[in-house]
Amino acid sequence: MFSSPPSEPVSNSSLLHNLNPEQLAAVTLPAEHALILAGAGSGKTRVLTTRIAWLLQTGEVSPGGILAVTFTNKAAKEMMTRLGAMLPVNVRGMWIGTFHGLCNRFLRAHYKLANLPQAFQILDTQDQLSSIKRLYKQFNIDDERFPAKQMQWFIGGCKEDGLRPNAVVARDDETRKKIEIYQLYEDQCQREGVVDFGELMLRSYELLRDNDPIREHYQRRFRHILIDEFQDTNKLQYAWVKMLAGTGAHSSVDGAFQPTGCVLAVGDDDQSIYAFRGARVGNMADFVREFGVRHQIKLEENYRSGSNILDSANALISHNSKRLGKNLRTSQGPGEPVRVFEATSDFAEAQWMVDEMKQLVREGHERKEIAVLYRSNAQSRVIETALFNASMPYKVYGGLRFFERAEIKNALAYLRLLENPRDDTSFMRAVNFPPRGIGARSLEQLQDLARASGCALSDAVSGLSGKAGTNIGAFLAGIDVLREQTQGMSLRDTIVATLEHSNLLTHYKADREGADRLENLAELVNAAESFVSIEGFGRDAVALPVDELGQALTQSPASQGLDLNQPVLDIPAPDAETGETLSPLAAFLTHAALEAGDNQAQAGQDAIQLMTVHASKGLEFDAVFITGMEEGLFPHENSMNDRDGLEEERRLMYVAITRARKRLYLSHSQTRMLHGQTRYNLKSRFFEELPEEALKWITPKQSGFGGGSGFGGGASYSGAGGPYSERARGQFGTDYTKYNTAATAAPVPAQKETPGGLKVKQKVFHPKFGEGTVTALEGTGEDARAQINFPRHGVKWLALSVAKLTPVP
DNA sequence: CCGGTGACAATTTTT
DNA sequence: TTGTCACCGG
């Protein structure tokens with residue numbers, strides 16, 4: 001898949017053709033640290049890959065001297081594919097991959113120094129949580145006081161900050177206890193021979209930091225370090241990059257070694273939307289300062305959208321204060337206006353969208369070129385229902401990925417036990433699934449025993465007596481037999497044998513809802529086969545054989561980057577002493593953990609694309625609907641409290657807007673079903689931050705709640721985009737008034753009445769709830785009620801005859 | 001060991 | 001409203 005086409009090396013000029021001046025400058029930068037500020041749709045990936053190709057082409061560096069890091073497997077693959085198409089290099093042999101993938105490769109190569117078993121396995125997020133829960137049982141830790149989820153977050157956070165338990169400051173008793181649990185967790189993982197995602201990063205970092213020869217080897221080796229999506233890096237990843245680049249602060253004892261790695265960081269601070277998981281946009285500024293960056297290039301030419309869309313994006317993001325500063329521009333014309341729609345209910349919003357989509361499809365747009373973006377997953381439901389009822393094919397992104405499915409995890413648990421009987425997480429998962437009469441009490445006994453002797457569950461079984469001992473003993477003996485039997489088998493046969501032995505197949509066959517699961521298990525066998533044949537055994541997991549890198553090097557136009565005579569520390573595929581190599585199975589299991597698989601099931605099918613705004617980053621579509629543009633939803637209420645939160649929401653909106661090539665729709669609804677309750681939301685403040693001249697209101701703009709008319713006649717068809725004209729109506733061929741039927745039990749709107757002298761959208765003050773905004777009015781006289789949205793207390797209905805409300809000017 | 005029950009919470013996500 | 005999870009009874 002990633003092998004190089006048998007083409008001649010392309011010439012320099014063809015490599016660089018069609019680059020704009022900024023892109024060209026970025027590609028041909030001198031060998032120094034540099035920061036590329038790459039706006040949305042500015043050809044960032046192209047610049048990155050062309051830069052690598054150019055470095056190789058000009059002999060500046062050999063393939064072995066390049067380190068290119070991304071966040072997702074998808075991005076890494078794309079980089080390799082594109083590079084492979086540009087130059088006849090063996091991209092698989094190069095250090096191009098995700099942070100975690102590369103750390104894995106590094107740790108496999110130096111597993112002894114890293115104090116890990118060669119076949120260490122990787123805990124995914126689920127595994128990590130169950131590992132912590134198991135710990136809680138063993139040590140009687142109160143899940144009420146220290147929720148396992150929260151503990152998981154704490155541990156992950158510490159690792160991201162590069163902190164081991166002994167380095168975390170115990171500022172209070174609670175933290176002290178957490179640190180204690182963190183330590184217990186660490187011990188448990190170490191004993192079991194497993195690492196979590198954070199550990200992959202942290203242990204790699206520590207090994208580089210503490211081992212001078214290793215660090216200097218890699219510093220010498222990686223002449224060019226390229227990092228994608230730099231704004232998403234966390235503290236540890238930044239430190240890792242810094243360590244590999246060797247900024248001079250860490251020269252060896254004799255001081256003779258001068259590190260030379262050049263870092264090319266590519267990112268966009270305006271698209272930083274992952275602060276919640278530890279990303280630090282500040283790394284960009286830190287990078288410039290700490291690395292003494294002299295070259296900064298802005299890629300501002302956008303090749304994706306017309307200026308109405310880009311002006312909207314630019315105007316919106318200009319409301320953020322913390323920016324490095326960048327403006328997207330295009331040589332395309334204005335393109336279509338940004339269409340804005342106001343619905344009476346989430347249901348009506350979905351209906352409208354479906355009709356609009358039908359129209360788009362009629363006009364010849366492919367369904368997969370139409371995307372619906374929303375802030376939170378819960379919003380997809382109504383839309384799905386509407387699409388389903390309209391028989392419109394759609395695809396929801398997100399949700400469980402292939403290797404995260406229960407049946408797959410169950411099968412993997414058996415496979416992991418074959419590889420490593422000490423893996424207690426897998427033991428617990430497999431021991432009584434499918435059910436084989438091993439109850440909770442037996443397992444508790446076993447766990448007590450294991451803890452007392454500090455050994456693995458599987459080692460403690462021999463100490464069990466009675467029925468418990470017999471049952472669990474039989475399970476374990478079965479695993480041992482299976483391990484024997486599968487010796488020398490192909491990966492495929494090993495998995496088939498395991499599925500048989502475990503009774504998973506029988507179990508799911510008996511389950512009348514197990515058909516899908518059986519299908520997935522069959523798919524697991526396929527995945528294993530393609531892992532061996534197409535991907536090539538273990539290349540994700542194992543350091544490459546020497547000859548392969550050698551081949552990559554000799555194919556390079558120049559090989560001055562890496563001295564072939566120096567010891568190649570990262571390629572000890574077989575263990576130096578025992579000659580042991582990673583089994584295909586261990587490699588496959590690693591692959592499963594590091595690449596959880598697509599979650600886009602029927603990819604390739606022409607279906608409407610539904611996803612969160614986060615998931616849409618990096619993608620583009622002809623037509624984009626951004627839905628639920630309401631206060632509390634987008635910007636989300638949990639983010640509105642602090643300035644940073646709001647700015648991140650705005651960046652999120654920026655990302656959403658810039659996904660659209662041709663047509664962009666923004667919609668909001670007056671009412672929305674959320675958590676089983678109807679909420680009344682104001683339209684998003686982001687509307688106020690968009691340039692009116694780029695927008696076109698295609699709704700009869702409502703005057704106050706419910707548009708009066710109720711839902712019928714009398715609405716005033718005016719809006720920022722001017723009167724709702726017949727022309728517009730004809731153009732879209734849709735009568736929008738039909739959506740103004742609230743499907744949910746919306747309160748009957750006051751018609752022209754303003755009870756108590758209040759108006760919708762007016763700000764009022766309540767002695768208890770503070771300041772709020774009137775969102776609806778209802779009834780007259782004594783019965784007059786107002787619905788008010790209080791930022792701190794939520795939406796409330798207040799009887800005007802009782803509530804002491806003061807209008808706020 | 002299953003299946004029912006009630007409590008509870010419910011942005012965003014990759015590895 | 002929906003999904004998850006701990007707990008309990010058959």
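Below, read A as the first sequence line, B as the second, and so on, with proteins coming before strands; counting in each chain starts at 1.
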Write down the distance between [atom1] ([X]) and [atom2] ([N]), rounded to a whole number of angstrom.
| X | N | atom1 | atom2 | result |
| --- | --- | --- | --- | --- |
| A/R679 | B/dT11 | CZ | P | 11 Å |
| A/I626 | B/dT12 | CD1 | C1' | 15 Å |
| A/D511 | B/dC2 | CG | P | 10 Å |
| A/K77 | B/dT14 | NZ | C1' | 14 Å |
| A/M611 | B/dT13 | CE | P | 11 Å |
| A/D143 | B/dC8 | CG | C1' | 13 Å |
| A/R651 | B/dT11 | CZ | C1' | 15 Å |
| A/R436 | B/dC2 | CZ | P | 12 Å |

Ring centres within less than 5.5 Å and planes less than 30° apart: is that true of A/F276 and B/dT12 in this structure? yes

Determine, answering yes or no, if A/H636 is stacked on B/dT11 under the 5.5 Å centre rule and the 30° plane rule. yes

For the P atoms, the ones on B/dT13 and on C/dT4, what distance do you get once it is rounded to whole angstrom? 16 Å

Please classify the nucleic acid contact of [X] as base, sugar-phosphate, or nothing, using heavy-atom distances under 4.0 Å.
| X | result |
| --- | --- |
| A/G439 | sugar-phosphate |
| A/Q237 | nothing |
| A/N432 | sugar-phosphate |
| A/F99 | nothing |

Counting just side-chain N and O atoms, does [X] come under 4.0 Å of either OP1 or OP2 of [N]?
| X | N | value |
| --- | --- | --- |
| A/N73 | B/dT15 | yes |
| A/R401 | B/dT15 | yes |
| A/T125 | B/dT13 | no |
| A/N377 | B/dT12 | yes |

Donor-acceptor contact present, side-chain [X] to main-chain [Y], <3.5 Å:
| X | Y | result |
| --- | --- | --- |
| A/T671 | A/T344 | yes |
| A/D448 | A/Q445 | no |
| A/R280 | A/T233 | no |

Show your reasoning for whether ring pair (Phe, Tyr, Trp, His ring centres under 6.0 Å) applies to A/H507 and A/F433. CA-CA 9 Å; A/H507 178 263; A/F433 193 91; 4.9 Å; yes

Summarise how protein sits on nucleotides 1-6 of chain C as a single string, 5' to 3': B when a protein heavy atom is under 4.0 Å from the base, S for sugar-phosphate-only contact, - for no contact. BSS---

Check whether A/Y238 forms a cation-pi arrangement with A/K242 (NZ or CZ under 6.0 Å from the six-membered ring centre, at most 45° off the ring normal). no

Would you verify whether the NZ or CZ of A/R164 falls within 45 degrees of the ring axis of A/Y182 while also being under 6.0 Å from that six-membered ring's centre? no

Please classify the glycosidic conformation of B/dT12 as syn (within 90° of 0) or anti (everything else). anti

A/S376: side chain to side chain donor-acceptor pair (under 3.5 Å) partners, not counting sequence neighbours: A/Q379

Return the nearest nucleotide to the side chain of A/R277; candidates are B/dT12, B/dT14, B/dT11. B/dT14

Closest to the A/A615 side chain: B/dT15, B/dT13, B/dT11? B/dT13

Listing request: all side chain to side chain donor-acceptor pair (under 3.5 Å) pairs with a residue in residues 133-155 of chain A, at least two apart in sequence or in separate chains. A/Q128-A/Q152, A/R134-A/E192, A/R134-A/T425

If you measure from the Lys or Arg side-chain nitrogens to the Asp or Glu carboxylate oxygens, is any gap between A/D268 and A/K617 under 4.0 Å? no

When the nearest nucleotide of DNA chain B is assigned to A/I438 and to A/H614 on a heavy-atom basis, which residue is associated with the more 5' position? A/I438

Relative to the 5' end of DNA chain B, which residue comes earlier, A/Y274 or A/H507, by the nucleotide with the nearest heavy atom? A/H507

